[in-house]
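Computed over heavy atoms, backbone and side chain alike; hydrogens, waters and symmetry mates excluded. In the text below, chain A, chain B and the rest are named by the order of the sequence lines, each starting its count at 1.
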2 protein chains.
Amino acid sequence: MVGGKIIGNEKLKIGDLAKMTGITKRTIDYYTNLGLLKAERSTSNYRFYTSEAIERIHEIEAMKAQGMCLQDIKKSLDVEHNGNPKEDLQEICLHMQTLQSEVSTLIESMNRQEQSTKETIKNKVLPESVTLIQSLLRLIT
Amino acid sequence: MVGGKIIGNEKLKIGDLAKMTGITKRTIDYYTNLGLLKAERSTSNYRFYTSEAIERIHEIEAMKAQGMCLQDIKKSLDVEHNGNPKEDLQEICLHMQTLQSEVSTLIESMNRQEQSTKETIKNKVLPESVTLIQSLLRLIT
DNA sequence: AATATAAACTATAACGTGATGGTTGGAGGG
DNA sequence: CCCTCCAACCATCACGTTATAGTTTATATT
């Protein structure tokens with residue numbers, strides 16, 4: 001044993017995780033899509049979980065038993081695990097990316113509109129939205 | 001009959017639409033969430049479809065029978081129906097709304113970060129993204 | 001050992017299902 | 001006529017299910 005973890009068997013596939021936790025693959029799939037579980041992806045798009053996910057699942061099950069919905073559990077766990085800024089950072093960057101593509105398609109649609117239509121849209125945009133976007137801009141420049 | 005449409009019975013609820021088309025409520029639900037079908041919402045959050053949706057569903061079924069997936073059907077139908085700018089407008093406004101909430105949560109996450117982390121994020125934001133957001137701002141102000 | 005092939009595993013799509021909780025329209029009672 | 005109460009709807013959640021298609025691995029064959 002030269003620097004090897006004994007337990008901590010990394011690279012768990014969905015089936016492994018399912019057997020180790022007793023919940024179905026579908027549920028793990030669902031949780032992963034919700035962002036409740038994080039997984040790396042192989043080149044062939046297979047999910048790889050770490051042993052960390054096992055405990056996470058048990059936490060989820062415990063909170064579910066107390067009547068919480070998955071969204072709330074997510075928020076709760078996201079806040080709880082706040083000694084790890086790296087994860088948050090990654091998530092924010094990802095968020096920023098989706099937002100970028102959102103904005104991109106939105107601008108395209110806008111440009112396809114006539115001037116009068118554009119005016120209508122402008123009027124429908126709440127001033128707070130404008131402020132919000134301005135704040136964002138200030139944050140990233 | 002004083003200016004009333006004989007057919008064209010508007011304000012169809014999901015059950016009505018299901019009976020009229022022969023597809024299940026769940027499927028209509030699914031299509032609506034995908035954005036394949038548009039529905040207004042009552043104050044109590046009930047969906048209201050127009051008779052237009054009936055034909056739309058038949059179109060969808062026809063394209064499905066030819067092996068197309070729902071995403072492609074959506075794109076196809078979205079492009080096809082391009083004599084109706086009102087629909088586009090509604091969609092853009094909706095887009096704008098989701099974007100607004102996206103930005104909102106993003107700013108919140110940003111503000112929870114330390115200064116050093118913020119810098120890291122800034123550096124990860126592509127300059128083109130900044131330009132993009134600036135363009136958006138110009139469009140809506 | 002290299003290869004072909006079958007068996008087991010995986011991801012995603014497109015709904016189905018059951019539970020939960022809110023909504024509405026009409027029948028009956030005051 | 002107003003109020004209440006119930007049955008029929010509706011929305012959403014949290015998975016379950018089936019089908020399709022790609023991947024990995026174990027096994028058999030050359």
Rounded to whole Å, the CG-C1' distance (B:Leu70 to D:dT20) equals 14 Å
Does C:dT12 have OP1 or OP2 sitting under 4.0 Å from an N or O in the side chain of A:Asn45?
yes
Length of the line joining B:Leu12:CG and D:dC10:C1', which is rounded to integer Å
15 Å
Atom-pair distance (CG on B:Leu37; P on D:dA11), nearest Å
13 Å
Mind running salt bridge (charged side-chain N to carboxylate O under 4.0 Å, His left out) on A:Glu61 and A:Lys64 for me, showing each step along the way?
CA-CA 5 Å; A:Glu61 293 299 299; A:Lys64 250 183 42 181; 3.7 Å; yes
Roughly, in whole Å, what's the span from CG in B:Asp16 to C1' in D:dC10?
11 Å
Atom NZ of A:Lys11 and atom C1' of C:dT10 are separated, to the nearest Å, by 16 Å
Please examine the side chains of A:Arg47 and A:Arg41, heavy atoms only from C-beta on, and report whether any two atoms are closer than 4.5 Å.
yes
Under a 4.0 Å heavy-atom cut-off, which of residues 26-34 of chain A touch DNA chain D?
A:Arg26, A:Thr27, A:Tyr30, A:Tyr31
Report the distance from atom CD1 of A:Ile14 to atom P of C:dA8, rounded to the nearest whole Å.
19 Å
Hey, does A:Asp29 have a side-chain heavy atom less than 4.5 Å from the side chain of A:Arg26?
yes
Roughly how far apart are A:Leu77 CG and A:Asp72 CG, rounded to 0.5 Å?
11.0 Å
Using five base pairs at each end, measure the axis-to-axis angle across the helix from C:dA1-D:dT30 to C:dG30-D:dC1 and round it to 10 degrees.
20°
Closest non-hydrogen contact found for A:Lys74 with A:Gly35 is CE-O, 3.7 Å
Can you name the closest pair of heavy atoms from B:Ile28 and B:Leu37 and give their distance?
CG2-CD1, 4.0 Å
Should the heavy atoms of other residues, nucleotides or ligands under 6.0 Å from CE of B:Met20 be counted, would the total exceed 12?
no
Given C:dC9, is OP1 or OP2 found less than 4.0 Å from the side-chain N or O atoms of A:Arg47?
no
Can you see which heavy atom on B:Tyr49 is nearest to which on B:Thr32, and at what distance?
OH-OG1, 2.7 Å
What string of B, S and - do you get for nucleotides 18-27 of chain C 5' to 3' if you count protein non-hydrogen atoms under 4.0 Å?
----BBS---
Output the rounded distance in Å from CG (A:Leu36) to P (D:dC13).
13 Å
I want to check something: taking the side chain as every heavy atom from C-beta on, are A:Lys13 and A:Phe48 in contact at a cut-off of under 4.5 Å?
yes
Gap between atoms CE and P, on B:Met68 and C:dA13 respectively (whole Å)
15 Å
Check this one for me: any side-chain N or O of A:Lys64 less than 4.0 Å away from OP1 or OP2 of D:dA14?
no
Cluster link B:Leu12 to B:Tyr46, ILVMFWY, side chain under 4.5 Å
no
Are A:Gln71 and A:Leu34 side-chain neighbours, meaning at least one heavy-atom pair lies under 4.5 Å?
yes
